[in-house]
Amino acid sequence: MSQKPVPHLRVGLIGTGRISDIYLKTCARFPELDITACGSLNPQESRAKAEAFGVPSTGTPDEIIADPQIDCILNLTVPSAHADISIKALTAGKHVYSEKPFATTVADGQRILDLAQAKGLKVGNAPDTFLGGRWQTVRKLIDQGLIGSPTGVMAFVGTHGVERHHPNPDFYYQTGGGPLLDLGPYYLTAMVFLLGPISQVSGMARRTFSRRMIENGPRHGDWMPVEVDTHSQSMIRFSSGVIGTMTMSFDVWDSETPRFEIYGEEGTICIPDPDPVHGANIFQGPVWYRTRAQSRWEFQPRPTGRDDWQLAKTTHGFNEDCRGLGLLDLAYAVRDDRPVRAGGDLAQHVLKVMVGIEESAREGRLVDIDGSCRVPDRLPETFPASENALSVDGAPENSGPACTAPANLMPEDIQNAG
Ligand SMILES: NC(=O)c1ccc[n+]([C@@H]2O[C@H](COP(=O)([O-])OP(=O)(O)OC[C@H]3O[C@@H](n4cnc5c(N)ncnc54)[C@H](O)[C@@H]3O)[C@@H](O)[C@H]2O)c1
């Protein structure tokens with residue numbers, strides 16, 4: 001009986017800005033992930049980050065990409081640099097895991113996928129929030145038939161942008177930024193994970209302000225030009241026949257709406273408050289549901305409020321911010337030569353959807369989404385231990401499709417919120 005060795009992925013991190021801290025923390029939790037070097041356009045920033053997180057060395061992006069001791073590039077640069085860094089890394093024979101969006105054009109995304117395939121390398125991409133306990137639980141509930149056949153989905157995120165908390169928010173208002181490309185990946189990736197590929201979209205969008213002021217940090221008072229639309233509304237048709245609506249905005253001062261809801265023939269799942277300040281790292285949080293049996297439509301007047309929803313028991317781990325979990329999955333995908341859950345094909349599909357929504361908004365017509373994508377398997381509930389556990393016949397546990405749920409929901413999976 002032989003067991004595969006625990007993977008050891010030597011990672012070079014490029015882009016040591018704001019989001020790199022949580023990746024460095026997550027990687028430090030897992031012996032499978034070893035960040036051996038970091039770099040950026042700002043050597044001073046990278047040296048400080050290396051010192052703070054015990055990264056052994058720093059270098060220029062080109063030095064890190066050329067380093068033969070590195071297996072994978074973690075690309076945490078700004079959106080306009082994602083494709084360039086990913087393509088350089090793949091060309092140098094490294095696997096890549098990148099922040100979102102995958103690229104700023106569909107053509108660049110396709111170049112990344114083609115190159116990875118030609119070289120036999122893995123490509124992963126944020127967001128990986130859908131691997132968190134909350135979303136894995138939702139998928140399990142849908143797979144088990146809690147709400148019957150899904151019919152619709154709604155996602156709403158309204159913020160007033162990032163200029164009050166990000167010290168260098170310019171890229172959010174440049175090509176490759178905007179709420180659709182910045183926030184859309186979280187919600188669209190979750191939608192595809194839960195409901196399957198998207199086949200057609202329409203959109204409307206507006207740019208409310210032509211310039212915006214930085215309101216924090218050393219550049220407080222600087223004005224930034226706005227090159228992208230900052231309020232986007234869209235309609236989404238899934239290949240399964242489910243239809244959805246999505247609002248992503250940097251122009252909303254306040255709202256009671258923020259939530260993500262999935263409607264089915266037999267019930268509703270409600271994921272409250274997926275707002276970017278408290279929950280875009282939405283690995284975690286409550287999952288509510290009401291089925292036909294608990295519907296409030298039989299009462300007159302119909303009760304309102306959020307107190308009497310049923311609360312689903314979270315069945316999966318990672319109920320805290322752990323960006324980088326997708327990279328851990330990639331390390332096992334490399335070892336086992338299986339698809340990456342937060343994979344490039346999924347990210348490219350989501351990019352096509354977002355570009356399609358933009359095209360629809362510009363041209364005033366429905367846009368068909370070319371191609372499809374693989375829908376990731378659920379994470380095993382004991383991931384990553386599951387990947388190294390042996391079953392009696394010697395095969396690693398959970399090595400088969402993760403998505404083989406029983407037809408009926410187990411009563412122990414649910415409890416009353418009341
Ligand atoms: N800040 C957040 O809260 C947050 C949250 C989730 C995702 N993200 C995503 O993470 C990515 C980075 O965001 P951030 O907030 O850390 O940005 P940031 O501006 O704080 O840092 C960007 C880093 O990338 C480096 N960089 C830029 N262009 C480069 C190039 N051509 N070559 C090499 N390095 C380059 C910069 O030197 C810097 O180290 C973006 O794609 C963003 O959408 C950010």
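Atoms considered below: every heavy atom in the structure, side chains included; atoms not considered: hydrogens, waters and symmetry mates. In listed order, ligands and their atoms are each counted from 1.
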Does either side chain, that of [X] or that of [Y], offer a donor lying less than 3.5 Å from an acceptor on the other one?
X      : Y      : answer
Gln294 : Tyr289 : no
Glu163 : Tyr173 : yes
Gln69  : Arg10  : yes
Thr36  : Asp34  : no

> For Tyr263, which residues count as a ring-ring contact (aromatic ring centres under 6.0 Å, His included) partner, sequence neighbours excluded?
Replying inline: none
Look only at interatomic distance and state if [X] has a nitrogen or oxygen under 3.5 Å from any nitrogen or oxygen of ligand 1.
X      : answer
Tyr186 : no
Lys100 : yes
Ser20  : no
Thr16  : yes

Which of the numbered atoms in ligand 1 are under 4.0 angstrom from any heavy atom belonging to [X]?
X     : result
Ser40 : 34 (N), 37 (O), 39 (O)
Pro61 : 33 (C)
Ile85 : 32 (N)
His82 : 41 (O)
Glu45 : 38 (C), 39 (O)
Gly15 : 23 (C), 24 (O), 25 (C), 39 (O)

Judged by atom type as modelled, is there a donor-acceptor pair below 3.5 Å linking the side chain of [X] to the main-chain atoms of [Y]?
X      : Y      : value
Asn75  : Glu99  : no
Thr189 : Tyr186 : no
Arg341 : Arg378 : yes

Identify, for [atom], the protein heavy atom at the shortest distance, and state residue, atom and that distance.
atom                    : result
atom 31 (N) of ligand 1 : Ala81 CB, 3.5 Å
atom 13 (O) of ligand 1 : Phe171 CZ, 3.6 Å
atom 21 (O) of ligand 1 : Gly17 CA, 3.3 Å
atom 10 (O) of ligand 1 : Glu99 CG, 3.2 Å
atom 15 (O) of ligand 1 : His166 NE2, 2.7 Å

[X] side chain near [Y] side chain, heavy-atom distance below 4.5 Å:
X      : Y      : answer
Asp71  : Lys94  : no
Met154 : Phe260 : no
Arg335 : Glu387 : yes

Taking 4.0 Å as the limit for heavy-atom contacts, which would you say applies to [X] with ligand 1: side chain only, backbone only, both, or neither?
X      : value
Arg18  : both
Tyr172 : side chain
Val162 : neither

>> With salt bridge (charged side-chain N to carboxylate O under 4.0 Å, His left out) as the criterion, how do Asp229 and Arg362 come out once you've worked through the C-alpha distance, each side chain's angles and the decisive distance to 0.1 Å?
In response: CA-CA 11 Å; Asp229 289 335; Arg362 258 193 330 271; over 6 Å; no
Compare [options] and give the one whose heavy atom is closest to [atom].
atom                    : options                      : answer
atom 22 (C) of ligand 1 : Asp182, Val78, Asp321, Asp84 : Val78
atom 40 (C) of ligand 1 : Thr77, Ile22, Ile14          : Thr77
atom 37 (O) of ligand 1 : Asp21, Leu41, Ile19          : Leu41

>> For residues 192-221, which residue pairs pass the ring-ring contact (aromatic ring centres under 6.0 Å, His included) check, not counting sequence neighbours?
In response: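 Those involving residues 192-221 are Phe130-Phe193, His160-Phe209.
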